[in-house]
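Written out below as structure tokens is the structure these notes cover.
In what follows, every chain begins at residue 1, and chains take the letters A, B, ... in the order their sequences are listed. Small disclaimer: the values here were computed from a predicted structure and weren't measured. Hydrogens, waters and symmetry mates play no part in the numbers below; they use all other heavy atoms, side chains included.
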2 protein chains.
Amino acid sequence: MLLSIEPDGPVPIYQQIRDRIVEAIARGRQPAGSALPPIRQLAVDLGVNFHTVNKGYDLLRQEGLLRLGRKSGAVVRRDASSGPPDPGWAQDWTSRLQTLLAEAAAQGMPATGIAGECQAALADFAFPAAVAEVRNRGGGSP
Amino acid sequence: MLLSIEPDGPVPIYQQIRDRIVEAIARGRQPAGSALPPIRQLAVDLGVNFHTVNKGYDLLRQEGLLRLGRKSGAVVRRDASSGPPDPGWAQDWTSRLQTLLAEAAAQGMPATGIAGECQAALADFAFPAAVAEVRNRGGGSP
DNA sequence: CCATTTGTTCTATATATTATATAACAAACA
DNA sequence: TGTTTGTTATATAATATATAGAACAAATGG
């Protein structure tokens, strides 16, 4: 089972598809270059219309995460190792992060608890190994 | 200006109202017990229908953040100092956090950057002062 | 070249959500 | 008693979501 969906939940199906794929990319289960199921096949697997899957894929393309080709299908375009994010995107994301963390604070979750949940989530993601960590520390390779 | 709204944005107006109030509570600008503007007045201030404001207030009531009374109006029911969150809510919130942080990781934001943004957001919130920080450290007050 | 695979586009329909508008109702308070 | 406030009801229009069927078009491979 590559994806699972809640058809009767409050969040739209195409959005759930988008969310699950974003998480798969972050966790390294779908690295840059890896292929996703064809629209029609995933639609059959999930028991939804193929237009709904198409909408989710198209959303991911707009976000720069997917590359869609006629015969090549859907391929992951970038992941955590593909360079820094777009500044415009970062601004919007920070705004959404503030709202989400504010909700936790208002609901009474302590600062340590919120920070801990963030760290726990990050621990599940596949970040690139640190590289070129030290430069100009007396002279390059021997 | 207590609230500002983007009428033509992608996020519904009633949701924006809810988000801004949640942030005001988290930042301590609307502590538990403080009053919010009456529905009709806020509607006039924002240039929207009062049903839209009512929907935002009602959402906050469902989330346990507001208490609505006939003549008493809308009063903040809880904030960061009002005790721990509901376990059911925490589970849902954690799920939404994972999706949001996964998006940042997939977009190439480094783990340190994500953690830093979380800390920066938390720094703007009003958490209760630590209390009873040390117990059983050899004997209470002298 | 041909046929298949795959995304893309188009039209249509049904339902739900969002926002506005107007009116009336009901409780709390001075 | 009257005013302030939230609440409920009905109606309408615009937009979003999901499904359905059909056809188109590019890329790939035999």
Side-chain angles (χ1 to χ4, degrees), chain A residues 2-22 30 32-78 96 99, chain B residues 2-22 30 33-78 99:
Chain A
L2 186 46
L3 275 184
S4 82
I5 296 297
E6 296 180 49
D8 296 334
V11 39
I13 300 175
Y14 78 93
Q15 182 77 46
Q16 293 185 47
I17 294 173
R18 177 265 182 197
D19 289 346
R20 296 298 89 75
I21 294 176
V22 166
Q30 287 285 169
S34 67
L36 270 68
I39 286 177
R40 289 172 178 82
Q41 179 188 322
L42 183 54
V44 171
D45 291 352
L46 297 178
V48 301
N49 192 272
F50 81 94
H51 285 113
T52 306
V53 176
N54 187 41
K55 198 170 179 179
Y57 277 20
D58 195 61
L59 220 185
L60 289 161
R61 183 187 56 75
Q62 291 174 25
E63 300 183 54
L65 293 177
L66 278 195
R67 190 164 30 102
L68 303 179
R70 299 265 172 171
K71 187 68 179 296
S72 39
V75 175
V76 177
R77 195 174 110 94
R78 66 153 302 141
R96 283 180 283 143
T99 302
Chain B
L2 186 48
L3 274 182
S4 82
I5 295 298
E6 297 182 47
D8 297 334
V11 40
I13 299 175
Y14 77 93
Q15 182 77 47
Q16 294 185 47
I17 293 173
R18 176 265 182 197
D19 289 346
R20 294 302 86 76
I21 293 176
V22 166
Q30 288 283 168
S34 66
L36 270 68
I39 287 177
R40 290 170 177 84
Q41 178 187 323
L42 182 54
V44 171
D45 291 352
L46 297 178
V48 302
N49 191 271
F50 82 92
H51 283 114
T52 307
V53 176
N54 186 38
K55 197 169 178 180
Y57 276 21
D58 196 62
L59 220 186
L60 289 161
R61 183 188 56 77
Q62 290 175 25
E63 300 182 55
L65 293 178
L66 279 196
R67 190 165 31 104
L68 303 179
R70 297 265 170 170
K71 187 69 178 300
S72 40
V75 175
V76 176
R77 194 173 111 94
R78 65 153 304 144
T99 303

Electrostatic pair A:Lys55-A:Asp58, nearest N-O below 4.0 angstrom: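 Salt bridge absent between A:Lys55 and A:Asp58.
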- prompt: Rounded to the Å, how far apart are B:Gln41 CD and D:dT3 C1'?
  reply: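 B:Gln41 atom CD is separated from D:dT3 atom C1' by 15 Å.
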message: How many whole angstroms separate atom CG of A:Asp58 from atom C1' of D:dT17?
response: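 Rounding to the nearest Å, CG of A:Asp58 and C1' of D:dT17 are 15 Å apart.
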- prompt: A:Phe50 near the nucleic acid: base, sugar-phosphate alone, or nothing, with a heavy-atom cut-off under 4.0 Å?
  reply: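 Base contact.
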Closest to the [X] side chain: [options]?
{"X": "B:Pro12", "options": "C:dG7, C:dA19, D:dT5", "result": "C:dA19"}
{"X": "B:Arg70", "options": "D:dA18, D:dG6, C:dG7", "result": "D:dG6"}
{"X": "A:Ala74", "options": "C:dG7, C:dT20, C:dA24", "result": "C:dG7"}
{"X": "B:His51", "options": "C:dG7, D:dT8, C:dA27", "result": "D:dT8"}

Check whether any side-chain N or O of [X] sits under 4.0 Å from OP1 or OP2 of [N], and answer yes or no.
{"X": "A:Ser72", "N": "C:dT6", "value": "no"}
{"X": "B:Lys71", "N": "C:dA30", "value": "no"}
{"X": "A:Tyr14", "N": "D:dT17", "value": "yes"}
{"X": "A:Asn54", "N": "C:dT8", "value": "yes"}

Of the non-hydrogen atoms in [X] and [Y], which two are nearest, and what is the gap between them?
{"X": "B:Leu65", "Y": "B:Val22", "result": "CD1-CG2, 3.8 Å"}
{"X": "A:Leu59", "Y": "A:Gln15", "result": "CD1-OE1, 4.2 Å"}
{"X": "A:Ser72", "Y": "A:Gly69", "result": "OG-CA, 3.3 Å"}

- request: I would like to know whether A:Gln16 and A:Val11 meet side-chain contact (heavy atoms from CB on, under 4.5 Å); could you show each step before the answer?
  value: CA-CA 7 Å; A:Gln16 293 185 47; A:Val11 39; 3.8 Å; yes
field: Rounded (10°) bend between the five-pair end axes of the helix from C:dC1-D:dG30 to C:dA30-D:dT1
entry: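 Here the helix ends are tilted 30° relative to one another.
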query: So do A:Pro38 and A:Tyr57 actually touch side chain to side chain, heavy atoms under 4.5 Å?
result: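 The answer is no; the side chains never approach within 4.5 Å.
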field: A:Ile21 side chain near A:Leu36 side chain, heavy-atom distance below 4.5 Å
entry: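 When only atoms from C-beta onward are counted, A:Leu36 and A:Ile21 do touch, with a gap below 4.5 Å.
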task: Check if the side chain of B:Arg40 and the base of D:dT7 share a donor-acceptor pair of N or O atoms closer than 3.5 Å.
output: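 For B:Arg40, whose side chain was compared with the base of D:dT7, there is a donor-acceptor pair (under 3.5 Å).
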field: Comparing B:Arg61 and A:Asn49 on DNA chain D - which has the more 5′ nearest nucleotide
entry: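 That would be B:Arg61.
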